[in-house]
Amino acid sequence: MLEIGLNHYLVLAAIIFCAGVFSMVSKRNAIGVLIGVELVLNAVNINFVAFGKYSGGNTSIDAQVIALFVIVLAAAEAAVAVAICTNYYRNLNTIDIDRGDAVSG
Amino acid sequence: MGANGETVTVLKPQLKLILAAVIACMAMTAAPRVAMASGGGGLDEGGFVSDVLGGSHPLFEAVGFYLFGGLAAFSAIAICFTKDVVRMAIWLFATLGAVAILYFLLTAYFLGVIQIIVYAGGTLVLLIFGVMLTTKSPSMQFAVSKIGLAAGGVVSLLLFAALMGLVLGTDWQRGEPTGSIPVATLGRDLLTTYLVPFEVISVLLLVVMIGAAYLARQERE
């Protein structure tokens, strides 16, 4: 219990991942959904780095580089998503994603 | 100021205190490790102090993991049960900071610093700007139906159970844990082994910058 191993990090990442999924499906504010996505990406990053450290060999560098790319992609995704949110707000005058059903049948 | 002229306090004083304590703890944990990672190492080499500060002492790792892992999990769950978007962003800040400390504990020092700079410094500020640009009143909230909450809760709990079964039912042991990687090695690999993805992601960032500016621009007729 005192010795921290891979399993500890995987369990923590699972908790954060599921919290992110719940935020994604239960928020009606588009920014709230975005915050859920950020949580999911963070959980995945914890997994990458933990697997890289505890798998031995040279995997640690690979894991850290992939995690770095995930952080960059998360930043890019957030920039585009916030731009879409402002556009959405300008068109519908609300940020409630339940109102964005104009193209549904 | 709210809709009726009453002031809306974004953060309770207790929460501010907790946040300040968390940031102080983060600074205290991170500073000596960054100094050591950058080749400072002025402390007693290989002795108890550098052991503890370097995270190689098991007790330090256990305390750090349970403290900051607990904080990360708690604030991630708090995001689920917060209605106000600004408070969600503040809880996200706590999660991101705690995850950065976990990177330090996993001896991924460079990643921890990048996490603080890019996520806490960039992405989070962007999200808060998004909140400010898309609300009429700071206390605006949307009610979510009970059945929607229940369905989401069931789905994520099932997902959690499946993940736990997978994590605890598998023997992940594959050799000894590796130590910290020098930042120089990471940089060299980024510009040799990972040169193509590195360049692709540079182009992607440029495209995103242009695309976001195009999407968010104010149309003038």
Side-chain angles (χ1 to χ4, degrees), chain A residues 2-4 6-12 14-23 25-32 34-36 38-39 42 45-46 49-50 52-57 60-61 64-65 67-69 71-76 78-80 82-89 95-96, chain B residues 58 61-62 65 69 72-73 76-77 79-80 85 88-89 92 95 99 102-103 106-108 111 114-115 118-119 122-123 126-127 129-131 133-134 142 144 148-149 152-153 155-156 159-160 163-164 167 172 174-178 181 185-186 189-190 194 197 201 204-205 208 211-212 215-216:
Chain A
L2 203 61
E3 190 76 33
I4 300 297
L6 179 58
N7 274 6
H8 292 77
Y9 287 100
L10 294 184
V11 169
L12 176 68
I15 294 173
I16 297 179
F17 185 89
C18 293
V21 169
F22 183 73
S23 298
V25 297
S26 71
K27 303 290 180 201
R28 278 176 67 193
N29 191 318
I31 307 282
L34 207 53
I35 287 174
E38 302 294 336
L39 278 184
N42 257 281
N45 256 357
I46 295 176
V49 180
K53 180 177 177 183
Y54 288 102
S55 293
S60 197
I61 296 179
Q64 289 193 31
V65 169
L68 207 57
F69 285 153
I71 291 179
V72 173
L73 286 174
V80 173
V82 166
I84 291 173
C85 286
T86 54
N87 232 347
Y88 185 96
Y89 179 73
I95 194 65
D96 181 3
Chain B
E61 204 186 352
F65 176 81
I77 293 167
I79 290 174
C80 297
V85 195
M88 271 193 254
L92 182 68
T95 311
V99 171
L102 291 180
Y103 289 156
L106 283 165
T107 61
L111 213 56
I114 291 295
Q115 165 96 356
V118 176
Y119 253 124
T123 310
L126 198 67
L127 285 177
F129 262 102
V131 173
L133 286 171
T134 56
F142 298 114
V144 181
L149 277 181
V155 165
S156 38
L159 189 63
F160 182 68
L163 281 174
M164 289 305 285
V167 165
W172 299 104
R174 294 282 185 283
E176 287 298 298
T178 42
I181 299 168
T185 314
L186 204 60
D189 268 40
L190 209 55
Y194 300 99
I201 216 159
L204 176 104
L205 274 182
V208 161
L215 278 175

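So that the names make sense, note that chain A is the first sequence line, chain B the second, and so on, each numbered from 1.
- Interface check for chain A: of the options B:Leu204, B:Leu205, B:Val167, the most heavy-atom pairs under 4.5 Å are formed by B:Val167.
- Going from atom CD of B:Gln115 over to atom CG of A:Asn42 covers 4.5 Å, rounded to the nearest 0.5 Å.
- Note that CD of A:Gln64 is 5.5 Å distant from CG of B:Leu186, once rounded to the nearest 0.5 Å.
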Assess whether side chain to side chain contact (heavy atoms under 4.5 Å, CB included) is satisfied between B:Phe129 and A:Val82, documenting all intermediate values.
-> CA-CA 8 Å; B:Phe129 262 102; A:Val82 166; 5.7 Å; no
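- The greatest number of non-hydrogen atom pairs below 4.5 Å with chain A, out of B:Gly211, B:Gly148, B:Gly69, is found for B:Gly69.
- Here A:Tyr88 contributes atom OH and B:Thr134 contributes atom OG1; the two are 11.0 Å apart, rounded to the nearest 0.5 Å.
- Heavy-atom pairs under 4.5 Å with chain B peak, among A:Ala83, A:Ala14, A:Ser55, A:Cys18, at A:Cys18.
- The two residues B:Thr178 and A:Ser60 make their nearest non-hydrogen contact at OG1-CB, 3.6 Å.
- Across all their heavy atoms, B:Leu106 and A:Lys53 have their closest contact at O-CD, 3.6 Å.
- Residue A:Thr86 comes nearest to B:Ala216 through the heavy atom pair OG1-CB, 4.0 Å, listed as atom of the first residue, atom of the second, then distance.
- B:Leu126 touches chain A through backbone and side chain together, each having a heavy atom under 4.5 Å away.
- Heavy atoms of A:Leu6 lying under 4.5 Å from chain B belong exclusively to its side chain.
- Taking 4.5 Å as the limit, every side-chain heavy atom of B:Leu102 sits out of range of all side-chain heavy atoms of A:Val49.
- Of all non-hydrogen atoms in B:Ile201 and A:Phe69, the two that sit nearest each other are CD1-CD2, 3.6 Å.
- Two residues are said to be in side-chain contact when any heavy atoms from C-beta on lie closer than 4.5 Å; B:Val118 and A:Val72 fail this criterion.
- Atom CD1 of A:Ile35 is separated from atom OG1 of B:Thr123 by 11.5 Å, given to the nearest 0.5 angstrom.
- A side-chain donor-acceptor contact under 3.5 Å links A:Lys27 to the backbone of B:Cys80.
- The candidate with the highest count of non-hydrogen atom pairs below 4.5 Å against chain A, out of B:Ile77, B:Thr95, B:Leu127, is B:Leu127.
- The side-chain heavy atoms of A:Asn45 and B:Leu111, taken from C-beta on, include no pair separated by under 4.5 Å.
- With a 4.5 angstrom heavy-atom cutoff, B:Met88 touches chain A via backbone and side-chain atoms both.
- How far CG of B:Leu92 is from CG of A:Leu39: 5.5 Å, rounded to the nearest 0.5 Å.
- Side chains of B:Ile114 and A:Ile71 form a contact here, defined as non-hydrogen atoms less than 4.5 Å apart.
- The shortest side-chain heavy-atom distance between B:Val155 and A:Phe22 does not fall under the 4.5 Å cut-off.
- With chain B as the partner, the residue from A:Ile46, A:Val65, A:Leu34 showing the most heavy-atom pairs under 4.5 Å is A:Val65.
- Only the side chain of B:Leu190 comes within contact range of chain A, with heavy atoms under 4.5 Å apart.
- In this structure, the portions of A:Ile95 lying under 4.5 Å from any heavy atom of chain B include both its backbone and its side chain.
- Rounding to the nearest 0.5 Å gives a distance of 11.0 Å between CD1 of B:Ile79 and OG of A:Ser26.
- Both the backbone and the side chain of B:Leu159 come within less than 4.5 Å of a heavy atom of chain A.
- Your options are A:Leu68, A:Val25, A:Val21, A:Leu73, and the one with the most heavy-atom pairs under 4.5 Å with chain B is A:Leu68.
- Here the side chains of A:Asn7 and B:Trp172 are in contact, with some heavy-atom distance below 4.5 Å.
- If you tally non-hydrogen atom pairs under 4.5 Å between each of A:Ala78, A:Ala74, A:Ala67, A:Ala76 and chain B, the highest count goes to A:Ala76.
- A side-chain N or O of A:Glu38 and one of B:Tyr119 form a donor-acceptor pair less than 3.5 Å apart.
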